[in-house]
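Working notes for the structure below.
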Protein chains: 2
Amino acid sequence: MLGVWRLQLLREVQRRGSIRAAAEAVNITPSAISQQLAILEQEAGVELLEKSGRQVRLTEAALRLVRHTDAITGAIAAAEADVASLRNTVAGTLRVAAFPTAARAVMPPVMTALSRLHPDLRVTLRDLEADESLTALQMDEIDIAIVDDYGDGSRVPVQGLDVCEFMRDPIYLAATGPSAQGQATAGPPRPARLDEFSHAFWIMDTDNSHLSQVTRRACRAAGFEPHIRSSCRDFSVIIALVEAGRGVGVLPGLALLDRPVRADVRPIVPPLTRRISSVVRPERRHHPMVVSALAELERFGASYVPPLTVPAAPGE
Amino acid sequence: MLGVWRLQLLREVQRRGSIRAAAEAVNITPSAISQQLAILEQEAGVELLEKSGRQVRLTEAALRLVRHTDAITGAIAAAEADVASLRNTVAGTLRVAAFPTAARAVMPPVMTALSRLHPDLRVTLRDLEADESLTALQMDEIDIAIVDDYGDGSRVPVQGLDVCEFMRDPIYLAATGPSAQGQATAGPPRPARLDEFSHAFWIMDTDNSHLSQVTRRACRAAGFEPHIRSSCRDFSVIIALVEAGRGVGVLPGLALLDRPVRADVRPIVPPLTRRISSVVRPERRHHPMVVSALAELERFGASYVPPLTVPAAPGE
DNA sequence: GAGGGAGGTCAAGTTCAGCTTCCTCGCCGG
DNA sequence: CCGGCGAGGAAGCTGAACTTGACCTCCCTC
C-alpha cells in the first residue's frame with residue numbers, strides 16, 4: 001500500500017520544483033526525501049523521477065500520483081473535519097492568511113472574539129497578498145485565506161475552493177492643502193470626483209497592486225492620467241505623505257480604522273469599492289474552527305461601518 | 001493528521017467486533033491495537049471506544065471515522081490501480097475467492113492462462129461461498145470474488161461493487177437404475193422433466209445451499225415435494241451416490257467437467273441455470289491485474305461448452 | 001577548461017514510532 | 001468464588017525514517 005507521507009513528499013517536490021525546496025518546506029533534509037521517493041518508486045513499481053540537468057523532473061506516472069494525493073489527503077481532511085464537528089468544544093490551531101490591511105484591521109478583533117468564544121482555539125495569522133494566500137491555501141499551509149478584489153476580473157481563478165464575500169470596503173480619496181475642499185464643513189464630507197484632482201500629484205500603492213491599477217483606470221475613465229509622485233507599499237506611509245501635503249492618495253476604508261487621519265478624506269464618485277472574501281478548501285468548509293471563524297468574519301463585515309459614508313441623495 | 005494505519009485498525013475493530021479479533025486479523029497483538037487507538041483518540045480529539053462488559057464498542061464518532069476510512073483507503077487503492085495501469089508488465093499478487101465448484105473447475109485453467117500471459121503475476125485462491133467472498137471483498141481481503149446465483153433474487157445486495165456476469169452454467173439431472181431413461185441412446189440425451197422423478201429418492205446439496213433450495217422450488221413447481229434422502233456438501237459425493245444408484249441428483253455443469261460420470265446425465269426442462277459473475281471493488285476495476293483476470297474469466301465463459309446441451313428443437 | 005557551487009544520492013549512524021512481552025484489572029460464567 | 005477472557009498499561013525491542021557526512025554530476029563562471 002502506497003505510503004501517504006511519501007505521496008505528500010512527492011507532491012511537495014512537484015509543487016516546489018525541486019527536492020531541495022521540498023525538503024526545506026517540510027523541514028527535513030533532501031536526503032530523506034530522496035530516500036522516501038526511492039521507496040515510493042518500489043511501492044508503485046514505476047519510475048517517478050528523471051534527471052533534468054542537475055534537477056529532477058516528475059514522470060507522467062508521478063504526476064498522476066500527485067493528483068491522487070490531493071484526493072487522498074482531501075479525504076483525510078474531510079474525516080478530520082467531520083470528527084471535529086462532533087466535538088462540543090472548538091479547539092485546535094486555525095491558520096489564517098490575510099492581505100495586509102485585513103491582517104491589521106480585521107483579524108485582531110476577530111481573533112479576540114474567537115479566543116473569547118473558544119478559549120482552546122489557537123489562531124495563527126500570516127499576512128500575504130491575495131494570490132500568495134491562495135497558493136498557500138492550495139498547498140495546505142493555511143486553512144482560511146482572506147482576499148480582496150476590486151471586481152475588475154483580476155481575481156485569481158480559484159477552482160475547487162469555496163469563496164464567500166463577507167464585506168465590502170469603500171475606497172476614499174485623501175487630500176490636504178489647496179486641493180482639499182470641504183474640509184472645514186462640519187457635516188458629512190462632499191463626495192469627491194476624481195477629475196477634481198487631475199492636476200494633483202498622486203501618491204499610490206505600489207504599481208503592481210490592484211488598488212493602484214484600479215485607481216489609474218478610474219482616473220483614465222475620468223479623463224486624465226494621474227501624475228504619480230510616490231509609490232509605497234504601506235498605507236500608513238501614504239497617509240503620512242498625504243498629511244504632509246505631498247499629494248493626494250486613495251485609501252481603503254479599513255486603512256482608516258487605525259487612527260484618525262489629519263487630512264480631508266472623502267468618498268469617491270462614482271463609488272470605488274473592493275470586495276473582501278474568505279476562501280477555504282471545501283473539505284474543511286464544515287470544520288468547526290472554520291465555521292466559527294467564518295461566522296466571526298461575517299459578523300465583523302455586517303457591523304463594519306466604513307469611516308465615512310456617502311450621504312444618501314435626498315429622495316433616494 | 002489522522003494516521004491511515006490507525007484508521008484501518010479502527011475499521012478492523014468495527015468489522016470484527018472486538019480488539020482481539022481485529023488483532024488476529026492483522027497479525028499483531030491486542031495491546032498494539034489498544035495503543036494505536038489511544039493515539040488515534042488523541043489525534044481525533046474524540047473518544048472512540050466505550051466499554052461494554054469486557055468488550056469494547058465503537059462510539060458514534062468512531063463509526064463516522066470508519067466510514068471515512070473506506071473513502072480514504074479507496075482513494076489510495078485508486079491511486080495504486082492508476083499507477084499500475086501505466087506499467088507495461090502486469091505483476092503483483094492477485095487475490096481471488098471463488099465458490100467451490102468454480103475454484104475447482106474455472107480457476108485452474110484461468111490461473112495457468114494468466115501465469116502464461118504474465119509470468120510475474122501471482123494469483124492466490126480461496127474457496128468461499130458467495131456471501132462469504134463478498135464480505136471478504138468488502139474487508140479488502142481479496143481483489144476478485146467469483147459468485148454464483150440462480151436468478152431467484154437470493155443474491156446478496158452488493159452495493160458499491162462492480163458485478164459482471166461472465167458465464168452461465170446449466171443444471172443437470174443425474175440418475176441411474178430403473179429411473180434412468182434414454183441412457184443407452186447414442187445421440188444427445190433426451191431432456192428430463194422433473195416430474196418424471198416425483199417418486200425417486202433425491203440426493204441434494206446441503207439444505208441451505210442455493211442449488212438445493214432452487215431445486216426444491218422447481219420440484220414443487222412441477223407438482224411434487226422431493227423425497228430427500230441425502231444431503232452432502234460436495235458434488236463429487238453426490239456423483240458417487242448417484243453412480244451407486246442411491247437416488248437422483250442435480251449437478252451444475254461445472255461439477256461434471258472433472259471426470260466422466262457413470263450415470264445418466266440429462267438437461268432439465270424447463271431449463272435450470274445459474275449465473276456466474278465476477279465482483280470487484282470499483283477502485284480496482286481498472287487495475288491491470290484485475291482487467292487481465294476478468295478478461296481471462298470472460299474468455300473461459302465464452303469458450304465454456306457445458307458437458308451436455310439441449311438439442312435445438314428442429315426449426316428453431 | 002578548470003574551479004566551484006548547486007542539486008541529488010549513497011552509506012553509516014541515530015532517533016523514535018510501533019510492536020511485543022509481561023503484567024494488571026475488570027467482568028463474566030461455571 | 002474462582003478461573004478465564006478481553007482490554008489496556010509499562011518496559012524493552014525492532015525497524016522505518018531521518019540526519020550526517022561523504023561523493024558525484026552538471027552547470028555556471030572566471
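In what follows, chains are A, B, ... by sequence order, proteins preceding strands, each numbered from 1.
At a non-hydrogen distance threshold of 4.0 Å, nothing from residues 4-13 of chain A comes into contact with DNA chain C. Applying a 4.0 Å cut-off to non-hydrogen atoms, the residues of residues 23-36 of chain B that approach DNA chain C are Asn27(B), Ile28(B), Thr29(B), Ser31(B), Ala32(B), Gln35(B), Gln36(B), listed by residue number. For residues 57-68 of chain B, proximity to DNA chain C is found at no residue, defined as any non-hydrogen atom under 4.0 angstrom from a strand atom.
Salt-bridge check for Glu141(B) with Arg126(B): passed, with a basic side-chain N closer than 4.0 Å to an acidic carboxylate O. Salt-bridge annotation for Arg122(A) and Asp143(A): absent, with no side-chain N of the basic residue lying under 4.0 Å from a carboxylate O of the acidic one. A salt bridge links Arg284(B) and Asp140(B); the closest N-O separation between the charged side-chain nitrogens and carboxylate oxygens is under 4.0 Å. Under a 4.0 Å N-O distance rule, the pair Asp205(A)/Arg216(A) does not qualify as a salt bridge. Salt-bridge annotation for Asp234(B) and Arg104(B): present, with a side-chain N of the basic residue lying under 4.0 Å from a carboxylate O of the acidic one. A salt bridge between Arg233(A) and Glu129(A) is present, with a side-chain N of the basic residue lying under 4.0 Å from a carboxylate O of the acidic one.
Distance Ile39(A) CD1 to dC10(C) P: 12 Å, rounded to the nearest Å. The distance from atom NZ of Lys51(A) to atom P of dC24(D) is 14 Å, rounded to the nearest whole Å. As rounded to whole Å, 19 Å separates atom P of dG4(D) from atom CD of Gln55(B). The CG-C1' distance, from Leu49(B) to dG26(C), rounds to 16 Å in whole Å. Rounded to a whole Å, the CD atom of Gln42(B) is 11 Å from the P atom of dG9(D). Following rounding to the nearest Å, Glu50(A) (CD) and dC26(D) (C1') show an atom-to-atom distance of 16 Å. Rounded to whole Å, atom C1' of dC10(C) lies 15 Å from atom CG of Leu37(A). Spacing between atom CD1 of Ile19(A) and atom C1' of dT25(D) amounts to 14 Å, rounded to whole angstrom units.
Listed here is the closest heavy atom pair of Ala91(A) and Met289(A): O-SD, 3.5 Å. Across all non-hydrogen atoms, the minimal contact from Leu2(A) to Ala79(B) is CD1-CB, 4.1 Å. Across every non-hydrogen atom of Met139(A) and Arg15(A), the tightest pair is CA-NH1, 3.1 Å.
Comparing Ala21(A) and Arg54(B), the nucleotide of DNA chain C nearest to each residue sits closer to the 5' end for Ala21(A).
Around atom CD of Glu50(A), more than 12 heavy atoms belonging to other residues, nucleotides or ligands sit under 6.0 Å away.
Glu283(B) places no side-chain N or O within 3.5 Å of a backbone atom of Ala81(B) that could act as its donor or acceptor partner.
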